[in-house]
Amino acid sequence: MIQRFAAQVPGTDSFLKVKEGTLALISSDSEHAGAYFLIYGFARSYVILYEDQGIDPAFAETAKQQLLSYMNRLNDAFASGKAEDMVAAQNWIVLDYGRSGKIF
């Protein structure tokens, strides 16, 4: 899913695909449901906030890169196979988001 999202044009359609994909993963991979739900929530918020608006391409790219950084951080934690890495990644994402412009 990360590679597909990275290759897509930034905007609500790409975030909608992430939302749908993570929702499916929540059901199929319960071990990582919390991580998927975190990404799902960001994608859902973006879609709700911006689906009916014209979005500046630079803004859409910034949002895409922020979500990609979160997805990659979680992917690295998945690869380690360590529960503490998953918790640390999720905590980092929440704290980073709190310090960010909260664009989604």
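- Listed by first and then second residue, the side chain to side chain donor-acceptor pair (under 3.5 Å) pairs involving residues 71-83 are Ser80-Asp85 (not counting sequence neighbours).
- Linking Ile, Leu, Val, Met, Phe, Trp and Tyr whenever their side-chain heavy atoms come within less than 4.5 Å leaves Ile103 and Ile48 in two separate clusters.
- Applying the side chain to side chain donor-acceptor pair (under 3.5 Å) test to pairs two or more places apart or on separate chains, none has a residue in residues 1-10.
- Annotation for Ala89 and Ala77: closest pair CB-CB, 3.9 Å, computed over non-hydrogen atoms.
- Here the straight-line distance linking atom CD1 of Ile39 with atom CZ of Arg44 works out to 15.0 Å at 0.5 Å rounding.
- Here the side chains of Lys17 and Phe5 are not in contact, with every heavy-atom distance at 4.5 Å or above.
- Taking hydrophobic clusters as Ile, Leu, Val, Met, Phe, Trp and Tyr residues chained together by side-chain heavy-atom distances below 4.5 Å, Met71 does not share a cluster with Val87.
- With sequence neighbours excluded, the residues forming a side-chain hydrogen bond (donor to acceptor under 3.5 Å, both in side chains) with Ser100 are Gln66, listed by chain and number.
- Here the closest non-hydrogen pair linking Val18 and Ala43 is CG1-CB, 3.9 Å.
- Annotation: ring pair (Phe, Tyr, Trp, His ring centres under 6.0 Å) contacts of Tyr40 (sequence neighbours excluded): Phe37.
- Leu38 CG to Ile26 CD1: the interatomic distance, rounded to the nearest 0.5 Å, is 10.0 Å.
- Residues forming a side-chain contact (heavy atoms from CB on, under 4.5 Å) with Asp56 (at least two apart in sequence, or on another chain): Ala58, Phe59.
- The same ILVMFWY cluster, assembled from side-chain heavy atoms under 4.5 Å apart, contains both Leu23 and Leu74.
- Sorted by first and then second residue, the pairs that involve residues 22-38 and meet side chain to side chain donor-acceptor pair (under 3.5 Å), not counting sequence neighbours, are Asp29-His32, Asp29-Tyr36.
- Residues meeting the ring pair (Phe, Tyr, Trp, His ring centres under 6.0 Å) test with Phe104, sequence neighbours left out: Phe42, Tyr97.
- Partners of Glu61 by side-chain contact (heavy atoms from CB on, under 4.5 Å), not counting sequence neighbours, listed by chain and number: Pro10, Lys64, Gln65.
- Note that CD1 of Ile55 is 4.0 Å distant from OH of Tyr46, once rounded to the nearest 0.5 Å.
- Residues meeting the side-chain hydrogen bond (donor to acceptor under 3.5 Å, both in side chains) test with Glu51, sequence neighbours left out: none.
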